[in-house]
Amino acid sequence: NAGVTQTPKFQVLKTGQSMTLQCAQDMNHEYMSWYRQDPGMGLRLIHYSVGAGITDQGEVPNGYNVSRSTTEDFPLRLLSAAPSQTSVYFCASSYSGTNTGELFFGEGSRLTVL
Amino acid sequence: AQKVTQAQTEISVVEKEDVTLDCVYETRDTTYYLFWYKQPPSGELVFLIRRNSFDEQNEISGRYSWNFQKSTSSFNFTITASQVVDSAVYFCALSGALSGYSTLTFGKGTMLLVSP
């Protein structure tokens with residue numbers, strides 16, 4: 001059982017480049033979300049989705065795009081990377097929300113923007 | 001708006017000491033859920049506990065215990081007889097109605113260092 005899978009685990013970008021962080025889950029979870037973790041800041045919500053075709057912004061959405069075309073996948077796109085986007089990114093999923101259970105997290109993707 | 005405050009940035013203890021990690025939260029919801037996650041040096045997030053706002057019973061799981069007090073909006077976590085393997089960053093988190101209980105608001109975390 002793979003759970004929540006994030007790729008790549010490590011990535012170095014130059015300012016202005018674009019890339020997509022992939023997130024896939026095989027647990028048939030409806031709810032998925034992206035967080036970024038910066039030193040001393042905890043985890044902050046970027047975007048989230050409560051089902052295929054439905055997305056919404058979190059606390060720090062600027063510079064990121066998402067879409068949810070399937071239940072399994074929730075990619076996070078950086079259109080023009082900036083050094084401020086250097087961070088560790090976590091994808092999470094849950095079956096039907098925290099009122100029924102926990103969030104399951106991927107192992108994280110460490111992104112460095114030079 | 002929701003907010004979670006973990007006032008202790010870093011705690012250092014010697015093995016076998018008891019340690020309490022504090023968590024204070026703010027929410028206007030009457031129904032909400034509180035969580036603790038552990039992040040060891042390897043970086044993954046490990047789920048420890050989930051508690052709903054209607055259940056104020058304290059919970060014990062082995063060396064871990066949690067004290068939930070709605071009157072003070074606190075959800076503190078105690079490790080009894082700490083071990084080196086407990087060294088990690090611990091996050092307290094809150095989930096409420098604004099996101100349909102689909103996401104978490106995290107505190108900034110408390111780094112626990114347990115030395116032998």
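In the text below, chain A, chain B and the rest are named by the order of the sequence lines, each starting its count at 1.
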Contact list for residues 96-116 of chain B, test side-chain hydrogen bond (donor to acceptor under 3.5 Å, both in side chains), sequence neighbours left out: B:Gln2-B:Thr105, B:Ser99-B:Thr103

By side chain to side chain contact (heavy atoms under 4.5 Å, CB included) - contacts of A:Asn28 (at least two apart): A:Thr71

Positions in residues 37-65 of chain A that reach chain B, provided some heavy atom is under 4.5 Å away: A:Gln37, A:Gly40, A:Met41, A:Gly42, A:Leu43, A:Leu45, A:Tyr48, A:Val50

[X] side chain to [Y] backbone, donor-acceptor under 3.5 Å:
| X | Y | result |
| --- | --- | --- |
| B:Thr27 | B:Asp29 | yes |
| B:Glu56 | B:Lys70 | yes |
| A:Arg110 | A:Thr86 | no |
| A:Asp73 | A:Ala24 | no |

Under 4.5 Å from a heavy atom of chain A, the part of B:Gln39 involved: side chain

Heavy-atom contact with chain A under 4.5 Å, split by part of B:Tyr32: neither

Residue, of B:Gly100, B:Gly109, B:Ser95, that accumulates the most heavy atom pairs under 4.5 Å with chain A: B:Ser95

When the side chains of residues 75-83 of chain B are checked against the rest of the protein, which donor-acceptor pairs come out under 3.5 Å, sequence neighbours left out?
unit_1	atom_1	unit_2	atom_2	d
B:Asn76	OD1	B:Cys23	N	2.9
B:Thr78	OG1	B:Thr20	OG1	2.8
B:Ser82	OG	B:Glu17	O	2.8

Over-ring placement of B:Lys38 relative to B:Phe47, 6.0 Å and 45° cut-offs: no

Part of A:Thr100 within contact of chain B (heavy atom distance under 4.5 Å): backbone

